[in-house]
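Read the structure below first, then the notes.
Both counts, for ligands and for their atoms, begin at 1 and track the order of listing. The chain is numbered in sequence order, starting from 1. Any value given below was found using the heavy atoms of this structure, including those in side chains, with hydrogens, waters and symmetry copies removed. In this text, all values refer to a predicted model and were calculated from it rather than measured experimentally.
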Amino acid sequence: MKKILITGGAGFIGSHVIRHFINSYPEYKIYNLDVLTYAGNLENLNDIDKNKNYNFIKGDITDTSFISEIFREHNFDAVIHLAAESHVDRSISSPMDFIYTNIVGTANLLNAARSIWENNYEGKLFYHVSTDEVYGSLGDTGFFLEDTSYDPKSPYSASKASSDHLVRAYHNTYKMPVIISNCSNNYGGNQFPEKLIPLAINNIKNMKPIPIYGKGENIRDWLYVVDHASAIDVIFHNAAIGETYNIGGNNEWTNIDLIHALCKIMDQKLDRKPGTSASLITFVTDRAGHDLRYAIDSSKLQNKLGWTPSLEFETGLEKTVDWYLANEEWMNRVVSGEYKKYYDEMYGE
Ligand code: NAD
Ligand code: DAU
């Protein structure tokens, strides 16, 4: 039986990764390590948390002695590291949270894994889940490849770039068996509504303004979160040690076109007159240092490991809208309290 530590499993992508591994590999023992920040929500795992192979450990990856202790206690075979501060706007207002969690937290995990594994790395793996934002911002043409130079532009992406460098350094220096993947923007159910798509769905539903930064011309490459989980599975099981893989949907949208597509779906689902939701679009002050365009070339992953995204964007977007409309209570609980304070400060209500 493989013992796998998955960090950040109560968050958006982590919860989908845990569900995928629990359902696909009943022979693995999965440990979800999460401190439950505002973004961590154990409700995301309600459907699998009674599984006998699932274990939850509440804890902070920045707590060095605690992290060493859980590695000594459980002797994990592998780590899939997703825990992070993940929202660019928050990194602009509170960069130090990102430095501690994303850099120091990753270093703590690497050190703890090294101290347990160092005498015999056979069968061990440290899989670091990262982002395409480490490559910076593209102009109108071109794609991010695995060997594109790092050029992070926000405190968030700089902290993720630092963590990637640390992971590679531990491979080079200590021979730690590592793999890194860098993925484009994810969307789907269970995403915290500070991110564009769930924020817009919730505001449209409540007939509130949809804030679009600048002119809405920035471009993102969107991937359905379940497809990210399947890519992590394929990479975890098949990638060569020390390799990096880009993961993306080959699915570029300007923010404004995406929001129009979403508004159309929402009008249909909520039985509204066409154009009702789009009338909520409101252009607001741009994000500081806003990256213009991300676009991933994932041909290495597709050609070498045979992974492909399973869904067309329109289908995924509709499934996502259905999820949020069917999970109204999840949304209501999430947007109350602490998040309401952030929203009021961020969008001036
Ligand atoms: P998220 O913010 O939804 O979840 C992060 C999780 O990490 C939460 O459950 C939180 O409680 C936990 N966490 C935060 N700090 C912690 C700490 N100090 N100790 C333990 N747990 C802690 O994030 P997400 O969008 O699911 O992203 C997960 C990972 O994937 C991140 O590493 C992110 O950089 C990466 N990523 C995200 C995207 C995206 O589009 N969301 C794309 C590519 C890569
Ligand atoms: O590319 C991968 C990254 O995608 C991940 O590493 C990050 O964790 C994840 O948050 C995401 O970053 P973005 O900044 O691209 O995602 P976000 O949903 O915050 O914004 C998407 C685009 O929409 C971006 O161009 C900013 C814009 N935006 C966002 C918000 C929240 C708006 O126009 N209005 C908004 O209110």
What is the closest protein heavy atom to [atom], and at what distance does it sit?
atom: atom 36 (N) of ligand 1; value: Ile13 CD1, 3.9 Å
atom: atom 9 (C) of ligand 2; value: Ser86 O, 3.9 Å
atom: atom 4 (O) of ligand 1; value: Gly11 CA, 3.5 Å
atom: atom 44 (C) of ligand 1; value: Ser130 O, 3.2 Å
atom: atom 34 (O) of ligand 1; value: Tyr156 OH, 2.6 Å
atom: atom 34 (N) of ligand 2; value: Pro211 O, 2.8 Å

When you group the ILVMFWY residues by side-chain heavy-atom contacts below 4.5 Å and let the links chain together, are [Y] and [X] in the same group?
X: Phe126; Y: Tyr28; result: no
X: Ile235; Y: Val134; result: no
X: Ile30; Y: Phe71; result: no
X: Phe192; Y: Val17; result: yes

Is there any N or O on [X] that sits under 3.5 Å from an N or O of ligand 2?
X: Trp222; value: no
X: Val88; value: no
X: Asp89; value: no

Is [X] close enough to touch ligand 1? Criterion: a residue heavy atom under 4.0 Å from a ligand atom.
X: Gly59; answer: yes
X: Thr7; answer: no
X: Ser15; answer: no

For [Y], is the NZ or CZ atom of [X] found under 6.0 angstrom from the centre of its six-membered ring and inside 45 degrees of the ring axis?
X: Lys300; Y: Tyr245; value: yes
X: Arg287; Y: Tyr213; value: no
X: Arg90; Y: Tyr38; value: yes
X: Lys29; Y: Phe76; value: no

The single option from Asn251, Asp257, Asn255 passing side-chain hydrogen bond (donor to acceptor under 3.5 Å, both in side chains) against Trp253: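 One option only clears the test, and that one is Asn251.
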
Given Asn108, which partner from the list Thr64, Asp60, Asp63 fulfils the side-chain hydrogen bond (donor to acceptor under 3.5 Å, both in side chains) test? Thr64

Nearest candidate to [atom], where distance is taken over non-hydrogen atoms, out of [options]:
atom: atom 25 (O) of ligand 1; options: Tyr100, Phe12, Tyr294; value: Phe12
atom: atom 32 (O) of ligand 1; options: His128, His81, Lys160; value: Lys160
atom: atom 5 (C) of ligand 1; options: Ala84, Gly188, Gly8; value: Ala84
atom: atom 31 (C) of ligand 1; options: Leu33, Ile296, Leu82; value: Leu82
atom: atom 2 (O) of ligand 1; options: Ser184, Ser86, Gly40; value: Ser86

Pull out every atom of ligand 1 sitting under 4.0 Å from any heavy atom of [X], numbered as shown with elements.
X: Cys183; value: 42 (C), 43 (C)
X: Leu36; value: 11 (O)
X: Thr37; value: 10 (C), 11 (O), 14 (C), 15 (N)
X: Val129; value: 30 (O), 32 (O)
X: Asn185; value: 40 (O)
X: Asp60; value: 17 (C), 18 (N), 19 (N)

Would you please indicate yes or no on a ring centroid separation below 6.0 angstrom for [Y] and [X]?
X: Tyr224; Y: Phe313; result: no
X: Phe236; Y: Phe21; result: yes
X: His165; Y: Tyr150; result: yes

Looking at ligand 2, would His290 count as a contact under a 4.0 Å heavy-atom criterion?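 Yes, His290 has heavy atoms under 4.0 Å from ligand 2.
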
Is any side-chain heavy atom of Glu146 less than 4.5 Å from a side-chain heavy atom of Glu243?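 The answer is no, as the side chains (C-beta and beyond) never meet within the 4.5 Å cut-off.
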
Are Tyr54 and Tyr31 packed together at the side-chain level, in the sense that at least one heavy-atom pair is separated by less than 4.5 angstrom?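 Side-chain contact under 4.5 Å: no.
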
As an exercise, identify every atom of ligand 2 less than 4.0 angstrom from a heavy atom of [X].
X: Ser184; answer: 1 (O), 2 (C)
X: Asn255; answer: 22 (C), 23 (O), 24 (C), 25 (O), 27 (C)
X: Ile212; answer: 33 (O)
X: Lys195; answer: 10 (O), 18 (O)
X: Glu194; answer: 31 (C)

Region of His87 engaging ligand 1 - heavy atom pairs below 4.0 Å: neither

Of the side chain and backbone of Thr101, name the one, both, or neither that has a heavy atom under 4.0 Å from an atom of ligand 1. side chain

